[in-house]
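Worksheet for the structure shown next.
This is a predicted model, so every value here is computed, not measured. Chain letters run A, B, ... following the sequence lines, proteins first, then strands; residues in each count from 1.
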Amino acid sequence: MTDETPLERERRAKVERLRTEGREPYPWSFVGRVTSDAVRARARTLSPGEEAPEHPARVAGRVKAIRVHGRTAFADLEDRDGSIQLLLRSDTMGDAGFDTALRDLDPGDIVGAEGTPALSKRGEPSVHVRSLALLAKAIAPPPEKYHGLQDVEERLRRRYLDLMSSPETRALFRTRTLLLRELRRYLDAAQFFEVETPILLPIAGGAAAEPFVTHSRYLDADVQLRIAQELPLKRLLVGGLERVYELGRTFRNEDLDSVHSPEFTELEIYWAYADYHDMRRLIEGLFGHLAERVRELLPDSAGAQQGARDFTPPFATVDFVDELERRSGIDGILSKSPEELRSLARKVGSTVPDSSAPGVFLDKLFEHYVEPHLDRLTFVVDHPAATTPLAKRHRSRPGRVERFEMFYRGFELGNAYTELNDPDEQERRFREQLGSRGEEAYAYDADFVRALLHGMPPATGVGIGVDRLVMGLVGAASIKDVLLFPLVRPR
RNA sequence: GGGCCCGUAGCUCAGCCCGGUAGAGCAGGCGGCUCUUAACCGCAAGAUCAGGGGUUCGAAUCCCCUCGGGCCCGCCA
């Protein structure tokens, strides 16, 4: 129990009084309600001061503000679709009913009202209330009615207050949900099959990241939370599912900052008998489709309209090696020894361990010289082979793999390959990783290699950070803005 | 992990530089007002100034530590 403020004591006293009067402060239901939109639409057909008594309506929602003028009062009621003004008059409700209603009512209360659609004399769509029912008494007060909840920490820790007081926050999360629905619809229409693969695994693989570790009582062994969906999904290609995707939570034991969250939503798509060129076309189509949707969903948000423009094809393309050489002035990057790459990376401030794979130093150089310039949505293509243990070598460019990464505003949005399906090469690359990077290396997954021994069709795959995708589309500056309940330190 | 910034009433903010023991608005209480919409007018009330320690006759204010948060950097392919 938290400490009670004087204001909360006051409201508790109201609850007690209601109970002694035999009135329930938390009743069970309010049947037959319509949303504010329906009443607003009806009221708009009226002229100021006019009512529509032949169409009585019941509305329910949270009281945002109350304005009392003696024997008349106004209250703003907010529901899922917006808000509607309640008009209360003593000559409609009776003096006793009017007094009781106002004495009981506080901002933040959930109420139901029955009355007549009306347009106020000042032209505000309203319900002229016959009867008002308290549906849930708010003991704690809502955030400040005009400024809302400003404190960033409180907005994250108590998202319900942020949502309650900010229509923009509600619109943003509604948009997120609708974009994910659209994303599924798009992939379903393209004959992809949504699947669910394990989150709890003996060993998390498919990426280089520190996993969360927990314990299975049944197995009497530690298990890990997945850091990627890749390896189970590729097993499904071996099994013949051909086109699969998974949209779900992935976990990495890392910091939370403006583009990272320890738990994040990842989309991975695997597509047999297609290569990374096909995947690029699929992704471009998907992005363009989502951009169209966000344009409709958030027409009043400058950030979202910018996002919609930025996610409309065509997109920029840069070659990993050419661009790195151009930006850094370093020539012959592909022929540098691991030692040379390491010293170049050191020069630009990288502090990764000496034992890291050569590809890590290349990544560091790319991050330093190129990524800050990738402001528009850009496809970076054909990475050096050393960077990527799960991609197939390029069919015509020695030392390269068939891969593209997508960047936007300096952060990585996603990563795709023509997938490696040669079991012997896969085994060799896993072993190289083991030799080089210690705990952060790609885990050796013997069963995955065995699966490849049975033959995985040629395929392409992609992983996309969905929270980042949503950030880009809606113009959010931080991943926390698109996560309902981002991880915060308990207090 | 490093740097900078923030934490004052339930909420939104002022006061801090330059030390004299906390001020407003919203919300809540009481009173007034029959078309307002950040309604308005009057009265009264509401604060361990994030927590701890120090300097000082005196600390919201200056110093140190701790906690929580934000931004940047590092780390996180």
Side-chain angles (χ1 to χ4, degrees), chain A residues 2-14 48-49 63-76 83-92 98 103 106-108 118-126 128 138-158 161 164-165 206-210 227-228 252-262 264 349-353 356-357 359-364 366-367 371 383-384 386-391 403 405 411-412 415 433 437 440-442 463 477-478 480 486 488-491:
Chain A
T2 51
D3 292 335
E4 208 169 57
T5 64
L7 188 148
E8 288 168 359
R9 271 196 295 281
E10 200 72 53
R11 292 191 176 191
R12 267 186 206 287
K14 289 189 184 183
V63 174
K64 303 299 287 186
I66 305 166
R67 299 176 290 280
V68 183
H69 294 250
R71 307 313 297 165
T72 296
F74 303 94
D76 296 330
S83 68
I84 185 76
Q85 176 171 269
L86 303 182
L87 167 59
L88 301 100
R89 294 176 53 141
S90 65
D91 52 11
T92 312
F98 182 81
R103 193 189 49 179
D106 287 305
L119 199 61
S120 78
K121 288 176 188 168
R122 298 286 179 88
E124 180 72 26
S126 306
H128 185 168
I139 288 168
E144 213 264 355
K145 66 179 175 188
Y146 184 65
H147 300 91
L149 191 65
Q150 294 298 315
D151 186 276
V152 176
E153 180 178 355
E154 283 299 293
R155 291 215 316 247
L156 301 180
R157 286 185 187 272
R158 307 178 70 199
L161 292 180
M164 187 189 297
S165 63
E210 188 180 337
I227 55 174
R252 296 184 183 180
N253 207 337
E254 292 163 3
D255 294 353
L256 193 154
D257 63 26
S258 63
V259 289
H260 294 85
S261 169
F264 60 101
S350 167
T351 57
V352 294
S356 304
V360 173
F361 301 118
L362 282 165
D363 281 329
K364 290 293 153 197
F366 192 83
E367 279 170 30
E371 281 183 25
H383 299 54
T387 60
T388 317
L390 293 161
R403 175 182 181 189
E405 275 186 298
F411 58 81
E412 185 186 349
N415 185 17
Q433 288 284 317
R437 297 191 60 206
E440 289 270 306
Y442 283 65
S478 168
K480 291 172 199 162
V488 284
R489 209 173 291 277
R491 62 176 176 196

Across all strands shown, which nucleotide pairs with [N] by Watson-Crick or G-U wobble geometry, both distances under 3.5 Å?
N	answer
B:rC43	B:rG29
B:rU37	none
B:rG68	B:rC6

List the residues meeting ring-ring contact (aromatic ring centres under 6.0 Å, His included) with [X], not counting sequence neighbours, and say none if there are none.
X	result
A:His128	none
A:Phe98	none
A:His260	none
A:Phe361	none

- prompt: Is a donor-acceptor contact shorter than 3.5 angstrom present between the side chain of A:Gln150 and the base of B:rU12?
  reply: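 Check fails, no donor-acceptor contact within cut-off.
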Rounding to an integer number of Å, can you tell me how far [X] [atom1] sits from [N] [atom2]?
X	N	atom1	atom2	result
A:Arg89	B:rC35	CZ	C1'	9 Å
A:His69	B:rC41	NE2	P	12 Å
A:Leu149	B:rA38	CG	C1'	17 Å
A:His260	B:rC73	NE2	P	12 Å
A:Met164	B:rU12	CE	P	14 Å
A:Glu371	B:rC73	CD	C1'	15 Å
A:Leu86	B:rU34	CG	P	20 Å

task: Nearest-nucleotide wise, let me know which of A:Asp91 and A:Gly206 is further upstream toward the 5' end of RNA chain B.
output: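 By nearest-heavy-atom nucleotide position, the 5'-most residue is A:Asp91.
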- request: Starting from the 5' end of RNA chain B, give me the residue, A:Phe74 or A:Arg103, whose nearest nucleotide shows up first.
  value: A:Arg103
- request: Supply the atom-to-atom distance A:Leu149 CG to A:Met164 CE, rounded to the nearest 0.5 angstrom.
  value: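 The CG atom of A:Leu149 sits 9.5 Å away from the CE atom of A:Met164.
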Can you tell me how far [atom1] in [N] sits from the matching atom in [M], rounded to whole Å?
N	M	atom1	answer
B:rA45	B:rG23	P	12 Å
B:rG46	B:rA22	C1'	13 Å
B:rC49	B:rU8	P	11 Å
B:rC16	B:rA27	P	28 Å
B:rG7	B:rU12	C1'	15 Å
B:rC43	B:rG28	C1'	15 Å
B:rU37	B:rC30	C1'	25 Å
B:rA9	B:rG1	C1'	37 Å

- request: Kindly write out the residues that satisfy side chain to side chain contact (heavy atoms under 4.5 Å, CB included) with A:Glu144, not counting sequence neighbours, or none if the list is empty.
  value: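 So A:Glu144 forms a side chain to side chain contact (heavy atoms under 4.5 Å, CB included) with A:Tyr146, A:His147.
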Residue pair A:His69, A:Phe74: steps toward the side chain to side chain contact (heavy atoms under 4.5 Å, CB included) verdict: CA-CA 8 Å; A:His69 294 250; A:Phe74 303 94; 3.9 Å; yes
- line: Contact string for nucleotides 22-28 of chain B, one letter per nucleotide 5' to 3', B = base within protein heavy-atom range under 4.0 Å, S = sugar-phosphate only, - = neither, reads ---BBBS
statement: Reading nucleotides 66-72 of chain B from 5' to 3' and marking B where a protein heavy atom lies under 4.0 Å of the base, S where only the sugar-phosphate is that close, and - otherwise, the string is --SSSS-
query: Do A:Arg71 and A:Asp91 meet the salt-bridge criterion of a basic N to acidic O distance under 4.0 Å?
result: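 Result for this pair is no, no salt bridge flagged.
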query: Salt bridge between A:Glu153 and A:Arg155, side-chain N to carboxylate O under 4.0 Å?
result: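 Result for this pair is no, no salt bridge flagged.
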query: What residues form a salt bridge (charged side-chain N to carboxylate O under 4.0 Å, His left out) with A:Glu367, not counting sequence neighbours?
result: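 Scan of A:Glu367 (salt bridge (charged side-chain N to carboxylate O under 4.0 Å, His left out), adjacent residues dropped) gives A:Lys364.
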- line: salt bridge (charged side-chain N to carboxylate O under 4.0 Å, His left out) filter on A:Lys480, not counting sequence neighbours, yields none
What's [X] touching, base or sugar-phosphate or nothing? Going by heavy atoms closer than 4.0 Å.
X	answer
A:Leu87	base
A:Gly359	nothing
A:Glu412	nothing
A:Asp363	sugar-phosphate

